[in-house]
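Have a look at the structure below before the remarks.
From a predicted model like this one, the values you see are computed outputs, not experimental measurements. In listed order, ligands and their atoms are each counted from 1.
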Amino acid sequence: MQKFMIMGGNRLVGTVRVSGSKNATLPIMAASLLLDGQCTIRGIPRLRDVAVMRDVLVYLGANVVWEKDVMRIDARNVSCQEVSEDLMRRMRASNLVLGPLIGRFRQAKISYPGGCNIGSRPMNLHLKGLQALGVGITERFGYITARTGKLAGSEIYLDLPSVGATENLMMAAVLAKGTTVIRNAAREPEIIDLRNFLNLMGAKISGAGTDTIKITGVDSLHGVEHTVIPDRIEAGTHMVAAAITGGDVVVADVIPEHLEPVINKLREAGAYVEVKDNQVRVAVDKKLKAVDIKTMPYPGFPTDMQPQFMALLTMAEGTGIITETIFENRYKHVMELRRMGADIRLEGQTAVVRGGPRLSGACVEASDLRAGAALVLAGMAAENGTVVEHVEHIDRGYERLENKYNALGARIIRVHN
Ligand code: UD1
C-alpha cells in the first residue's frame with residue numbers, strides 16, 4: 001500500500017499535459033481481439049487499469065508490446081476465450097473482451113464482475129443485447145458463458161445508455177451477418193473513438209456519438225494504427241485542481257468540446273475559463289460561488305467528475321446540491337471530506353454541500369479512483385498536512401498524479417509502506 005503526504009496551501013500555476021484517455025484505451029485494446037492480425041495504438045496512458053487489460057489480452061494469447069505510450073497488439077495467436085475470476089476482479093472493464101471474443105470466435109466465458117465500490121453495476125444490458133444478436137447466455141457458478149452458432153444483426157434497445165454495453169455490442173456486431181441498430185446508445189466521446197478505431201480496421205459503423213448506432217457486419221478486418229483521444233476526466237480533474245487552489249493553470253492537449261459540462265460549471269461558480277485550440281486555462285483569484293450539479297450521461301455532467309466538484313463546493317460560498325443519478329453508491333468520499341471539516345449532508349442520492357472556510361488536513365482513505373482524486377484536490381487546498389491512503393486506486397486512472405501537481409507547485413510525497 002502506498003500513500004500520499006500532501007502539504008496544502010500552495011496555488012497551482014503553470015501548464016499540465018493530459019494523457020490519453022483511459023476509458024477510450026480499454027475498449028480499443030479489447031477491440032484488437034477482433035483482428036486476426038496486428039494493430040498499433042498510440043497515446044496509451046501508463047495506468048494500472050491499462051496494465052490489467054494488457055494482462056487480460058496476454059492471458060487470452062495475444063502478444064502485447066508496450067513501450068512508452070505505444071502499444072502493439074498481435075491477436076493472431078489468441079486461442080483462449082475465457083477470462084479468469086482473478087483478472088475480472090482486478091478490473092471491471094475486463095468485461096469489455098466479451099463482445100470482441102463473441103464477434104471473432106462466437107464464444108466467450110468470463111467471470112461475473114460483480115459489484116464494486118461505487119455501485120452494483122450489473123451486466124444485464126450487455127447480455128440482453130448479445131441475446132438479441134443470437135447469442136445463448138448461461139450464468140453458472142459466477143461465470144457468464146456466451147455462445148452462438150449464428151451471430152446475426154438485430155435491433156437492440158438499451159434501457160439505459162450504458163457505455164460498456166454500447167461498446168461491447170458494437171464490437172460484437174462488427175463481424176455479425178447483417179445490420180445491427182443500437183437504440184438509446186451511450187453518446188460518450190470514447191464511443192466515437194472506438195468507432196473510429198473499428199472503422200479504420202474496416203468495420204462499417206455510423207451514428208456513434210448519437211443515440212442510434214448502426215453497424216453493418218463485415219467479413220474481415222485489417223491491421224491499423226490509431227491514437228486515442230485525450231482523457232477528459234483527467235483534464236476536468238486538473239481544471240478543478242486549479243480552481244480549488246485559487247491557481248492559474250493551462251490544461252493542455254485536450255479536446256475542449258469534451259469538457260463543456262465542466263467548463264460551464266466552473267464558469268457558473270465564478271472561475272475564469274479560457275478555451276483556445278487544444279487547451280483550457282482556468283484561473284481563480286476569489287472565493288467561488290456554490291453551484292448545483294446533477295450527473296447525467298454524456299453530454300451531461302460526468303459522474304466521474306462528481307467527487308472532485310464536491311471537494312470544490314466544500315470551500316465555495318453558499319450551499320450546492322449534488323444529485324448522483326448514475327451510480328447508487330458514489331458518495332464514499334463524503335465521510336473522508338467530513339474528516340477534513342466539510343459540511344455535507346446526504347439524503348439518498350442527494351448531497352447538500354454547505355461551503356465553509358478552508359478544509360483542514362486529516363488522514364483519509366481513497367475508496368475508489370475518482371474519490372481518491374477528490375481527496376488529493378482537497379488536500380492541496382487544505383490547511384496543514386493531509387495523508388491520502390490507498391493511492392493504488394488513484395494510480396488506476398492517473399499517470400503519476402503527484403508529479404503533475406508538484407510541477408505546478410504542489411507539495412505531494414508518495415510514501416511506500
Ligand atoms: C463507464 C466508465 C466509467 C463511468 C461510467 C459512466 C469505462 C471503462 N468506465 O463505466 O468511468 O463512470 O461509464 O459514465 O469506460 N447498468 C445496468 N446494466 C448494465 C450496464 C450498466 O444497469 O448492463 C447501469 C450501471 O449500474 C450504472 C449505469 O448503468 O448505474 C451506467 O453504467 P455504464 O454506463 O455501463 O458504466 P460503465 O461502462 O461500467
Side-chain angles (χ1 to χ4, degrees), residues 20-31 45 47-53 56 88 90-99 110 112-132 137 139 144 146 156-172 182 184-194 211 228-229 231-237 258 261-262 294-309 323-333 349 368-374 393-394 396-398:
S21 162
K22 167 178 87 70
N23 288 353
T25 297
L26 297 175
I28 285 173
M29 286 173 69
L47 302 174
R48 268 169 53 106
D49 275 7
V50 174
V52 175
M53 185 58 94
V56 171
M88 285 300 303
R90 279 172 66 195
M91 182 182 65
R92 230 197 100 79
S94 307
N95 68 5
L96 289 170
V97 299
L98 186 59
I110 63 168
Y112 208 87
C116 72
N117 282 343
I118 59 174
S120 62
R121 306 182 81 174
M123 281 193 67
N124 58 317
L125 302 176
H126 303 237
L127 303 183
K128 212 170 112 186
L130 287 175
Q131 281 166 331
I137 305 283
E139 293 172 79
I144 299 168
I156 299 170
Y157 176 83
L158 295 178
D159 299 334
L160 291 165
S162 155
V163 176
T166 303
E167 291 167 344
N168 248 334
L169 296 170
M170 274 167 74
M171 294 188 279
I182 308 174
N184 199 25
R187 296 155 61 186
E188 268 67 3
E190 295 75 23
I191 306 271
I192 300 180
D193 209 26
L194 177 62
D211 62 5
V228 294
I229 54 172
D231 197 307
R232 65 194 166 97
I233 305 300
E234 186 201 332
T237 304
H258 296 170
V262 175
K294 188 171 186 176
T295 62
M296 301 287 276
Y298 190 85
F301 189 89
T303 175
D304 287 351
M305 284 300 301
Q306 179 260 103
Q308 301 90 314
F309 255 77
T323 312
E324 172 58 58
T325 75
I326 309 290
F327 292 112
E328 70 275 18
N329 194 19
R330 200 163 203 179
Y331 281 137
K332 291 264 174 69
H333 42 290
Q349 292 305 95
D368 63 78
L369 167 56
R370 308 302 170 186
H393 289 298
I394 300 171
R396 282 187 38 220
Y398 296 92

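For R90, the salt bridge (Lys or Arg N to Asp or Glu O under 4.0 Å) test picks out D55, with sequence neighbours left out. Every residue meeting the salt bridge (Lys or Arg N to Asp or Glu O under 4.0 Å) condition with E190, not counting sequence neighbours, appears here in chain and number order: R232. R330 pairs by the salt bridge (Lys or Arg N to Asp or Glu O under 4.0 Å) definition with D304, not counting sequence neighbours.
Under the 4.0 Å criterion applied to side-chain N and carboxylate O atoms, D49 and R396 are assigned as salt-bridge partners.
Remark: the backbone N or O of Q349 is paired with a side-chain donor or acceptor of Y331 at under 3.5 angstrom.
Scanning both residues, V52 and S94, for their nearest heavy atoms gives CG1-OG, 4.3 Å.
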Check ligand 1 for close polar pairs with the protein: N or O on both sides, less than 3.5 Å.
{"unit_1": "ligand 1", "atom_1": "10 (O)", "unit_2": "R121", "atom_2": "NH2", "d": "3.2"}
{"unit_1": "ligand 1", "atom_1": "11 (O)", "unit_2": "N23", "atom_2": "ND2", "d": "3.1"}
{"unit_1": "ligand 1", "atom_1": "11 (O)", "unit_2": "D304", "atom_2": "OD2", "d": "2.7"}
{"unit_1": "ligand 1", "atom_1": "12 (O)", "unit_2": "D304", "atom_2": "OD1", "d": "2.6"}
{"unit_1": "ligand 1", "atom_1": "12 (O)", "unit_2": "D304", "atom_2": "OD2", "d": "3.3"}
{"unit_1": "ligand 1", "atom_1": "15 (O)", "unit_2": "N23", "atom_2": "ND2", "d": "3.4"}
{"unit_1": "ligand 1", "atom_1": "18 (N)", "unit_2": "N124", "atom_2": "OD1", "d": "2.7"}
{"unit_1": "ligand 1", "atom_1": "23 (O)", "unit_2": "P122", "atom_2": "O", "d": "3.3"}
{"unit_1": "ligand 1", "atom_1": "23 (O)", "unit_2": "N124", "atom_2": "N", "d": "3.2"}
{"unit_1": "ligand 1", "atom_1": "23 (O)", "unit_2": "N124", "atom_2": "OD1", "d": "3.2"}
{"unit_1": "ligand 1", "atom_1": "23 (O)", "unit_2": "L125", "atom_2": "N", "d": "2.7"}
{"unit_1": "ligand 1", "atom_1": "30 (O)", "unit_2": "I326", "atom_2": "O", "d": "2.5"}
{"unit_1": "ligand 1", "atom_1": "34 (O)", "unit_2": "V163", "atom_2": "N", "d": "2.7"}
{"unit_1": "ligand 1", "atom_1": "35 (O)", "unit_2": "S162", "atom_2": "OG", "d": "2.6"}
{"unit_1": "ligand 1", "atom_1": "38 (O)", "unit_2": "G164", "atom_2": "N", "d": "2.8"}
{"unit_1": "ligand 1", "atom_1": "39 (O)", "unit_2": "R121", "atom_2": "NH2", "d": "2.9"}

